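Comments concern the structure below.
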Amino acid sequence: MAGHLARHADGRLIHADAHRHANKNIDWAIVAGGALCGALAVIMGAALLWPATGGSISESRLYPPTSVIARGLEAEKERALHRQEHSSSTEWDLPGGRRQASERPVASTGFDFAFSGEVGREGTGSTQAVFESEQPLEVQNRIDDLVFARWGKLGIEPANLCSDAVFLRRVYVDVLGTLPTLEETQQFLDDPSATKRSALIEQVLERPEYADYSAMKWCDLLRVKAEFPIKLWPNAAQAYHRWIRTAIANNMAYDDFARELLTASGSNFRTPQVNFYRAVQSKEPEGITEAVALAFLCERIDNWPAYRLEGMSAFFSQVGYKPTGEWKEEIVYFDPRKTNDTTGNKPLNAVFPNGSAAHISPGQDPRQVFTEWLVAKDNPWFARAMANRVWYWLLGKGIVDPPDDVRAGNPATNLPLLNHLAEEFTTHDYDIKHLFRQILNSHTYQLSSIPHSDNSRAAEAFAYYPVQRLDAEVIIDAICQLTGTTEIYSSIIPEPFTFLPDNQRAIALPDGSITSSFLEMFGRPPRDTGLVSERNNQFSAAQALHLLNSNHLRRKLKEGERMREFLQQAVASPDPTELIYMAILSRRPSETERYDVSGLCQSTNSAQDVVWALVNTDEFLFRH
């Protein structure tokens, strides 16, 4: 849909969409909260003064913020009505029989991409160059062979390859949880090398942010949290996080990673791996089994038959816990007396998840027996589960989706692909970086997010890159990076280990109990269950209002030292629009965008408004 111009009552040209949406949604704007009124007044005034170009009225151009707000509020209104009318159908199951309300998914925040309309296939040449590449789609590795074959079978036309700028931002966000800097963007976009994408992949996999962001994901999964209901306590939580991050930074083989977590014994302060057994809400064998199945088999035990749960729980029936004289320290150890009191000096009978029986001799740690079965290279479940997780982390959708709900009733959408990834993983000795490298270098990962097919199965066939909102931690880190400001993170229990340096990044927070109001508002997971569904990346009206009208963001943009220096640099440059777009959106503006926006970048104050508008777009807030 291209932008169209309309004549305002005073004779000025404005965008017709802005005028229509602003009038249509004023009633909902009032309902949404009085806090928006001031912002609407300012933004609507700015929209009326939005510069018109001399081009055709059918040209795509930058949306004024008025229509952005209107669409966002209209989307939230529809969600609210849907919740009222269909409350009985918006619940989903949680472990233990609990139920939680779920909002209807919304494809967009209402804050459109900076460039209006359907960008790409049917747009102008300059528009297409922004998000799509003219390079042909080609097989790069076996991943592409298997995915392309699926498209042919289903009759699906794939998206084009994404542009270099989109690829740069995507890799940084997906692998590092970090935006590229202005200098990094300029260097990559100006690099004429035909192999610069693969070179970039190698570079990001060696950066410290890779370990930070991957550790954050693992800490969500392993419930690294000091306070209720996990109660690791702050010093143990920080030691556990440090061990996880160090293992990732050193590229520890995944089988060794699992082995150390599952077989460790010792103090929760001095042997951080034992916190795997402490970060469960129930220390009974069934509670431990639930955590092990979720973490390493990606299975939920809710629907397991009793015999299967009982058989696997036997492997964890001799995990003992005892306190020490140090406050909150606890020893986790192998305690054969826990079952020998009832079975005598007889073998312990257990059942592996595949149904085969295990007879464990007295004095032998059952955890070691289970772990050796788990990490064996002829065990396809272990490698498949991790390969599917990595695929989910990079493409936003698992081959089995959700990735922690592996069961017969939730089959893989491309089983040959999943089997190949698992085989590649085991063949390379469980090297997680190798798995990242294979996926990132495939053209399947490098597709544009603009679909070229109306086939309802295009998403599950990975025929385009799915658009999703950034994680809460990534958004606030990006804002702080751009503005040169910091955030204050705190815990409800102000113990010594919960105080952090001023330059602390959200993706590197070591403890799920240390948080901020921004992280809570934007859906950071509580780390209570380890389920991927704990993280809520749906957009809400509260989030929209915060970004549009909060003193929190306004102060960062206005008072951030790095932002002040950048705006001065941009305004003094021959092309301030290009610098602003590359810094905020990691790409150069199209010719139309440059023409529309350049008049707003003549002073630092007006350039700051452009930055604010771009930060409030889908293009900034979403993975794409």
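Please read all numbers here as calculations on a predicted model, not as lab measurements. What's counted below: heavy atoms across the whole structure, side chains too, no hydrogens, waters or symmetry copies.
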To the nearest 0.5 Å, tell me how far Leu553 CG sits from Asn616 CG. 6.5 Å
Enumerate the side-chain hydrogen bond (donor to acceptor under 3.5 Å, both in side chains) contacts for residues 559-568, please, sequence neighbours excluded, ordered by first and then second residue. none
Heavy-atom pair of closest approach, residues Val224 and Leu232: CA-CD1, 4.0 Å
Pair Arg623-Tyr465, side-chain donor/acceptor within less than 3.5 Å: yes
Stepwise side-chain contact (heavy atoms from CB on, under 4.5 Å) check, Thr577 with Leu600: CA-CA 9 Å; Thr577 306; Leu600 302 175; over 6 Å; no
Could you work out, with ring-ring contact (aromatic ring centres under 6.0 Å, His included) as the rule, every residue matching Phe522, not counting sequence neighbours? Phe518
Any side-chain donor paired with an acceptor under 3.5 Å for Tyr240 and Asn268? no
Taking the side chain from Thr271 and the backbone from Gln273, do they hold a donor-acceptor pair closer than 3.5 Å? no
In terms of side-chain heavy atoms, does Thr178 have a donor or acceptor partner in Arg505 at a distance below 3.5 Å? yes
Once side chain to side chain contact (heavy atoms under 4.5 Å, CB included) is applied, do any residues pair with Thr246, and if so which ones, sequence neighbours excluded? Arg242, Asn250
Exercise: do Asp404 and Tyr392 side chains pair donor with acceptor under 3.5 Å: no
Between Lys225 and Asp528, does any NZ, NE, NH1 or NH2 come within less than 4.0 Å of an OD or OE carboxylate oxygen? yes
Regarding Thr485 and Lys556, is there a side-chain donor-to-acceptor distance under 3.5 Å anywhere? yes
Around atom CZ of Phe228, are there more than 12 heavy atoms from other residues, nucleotides or ligands closer than 6.0 Å? no
Do Trp243 and Phe257 have ring centroids that are under 6.0 Å from one another? yes
Taking all non-hydrogen atoms of both residues, which atom of Arg524 and which atom of Arg535 are closest, and how far apart? CA-NH1, 4.2 Å
What are the two closest heavy atoms between Phe566 and Ile580, and how far apart are they? CZ-CA, 3.7 Å
Quick one: do Glu184 and Arg207 make a salt bridge, cutoff under 4.0 Å? yes
Where the side chain of Lys231 meets the backbone of Ala226, is there a donor-acceptor pair that is under 3.5 Å apart? no
Short N-O contact, Arg527 and Glu534, less than 4.0 angstrom: no
Would one find more than 12 heavy atoms of other residues, nucleotides or ligands at under 6.0 Å from atom NZ of Lys558? no
Closest approach of Ala291 and Val280, non-hydrogen atoms and distance? CB-CG1, 3.6 Å
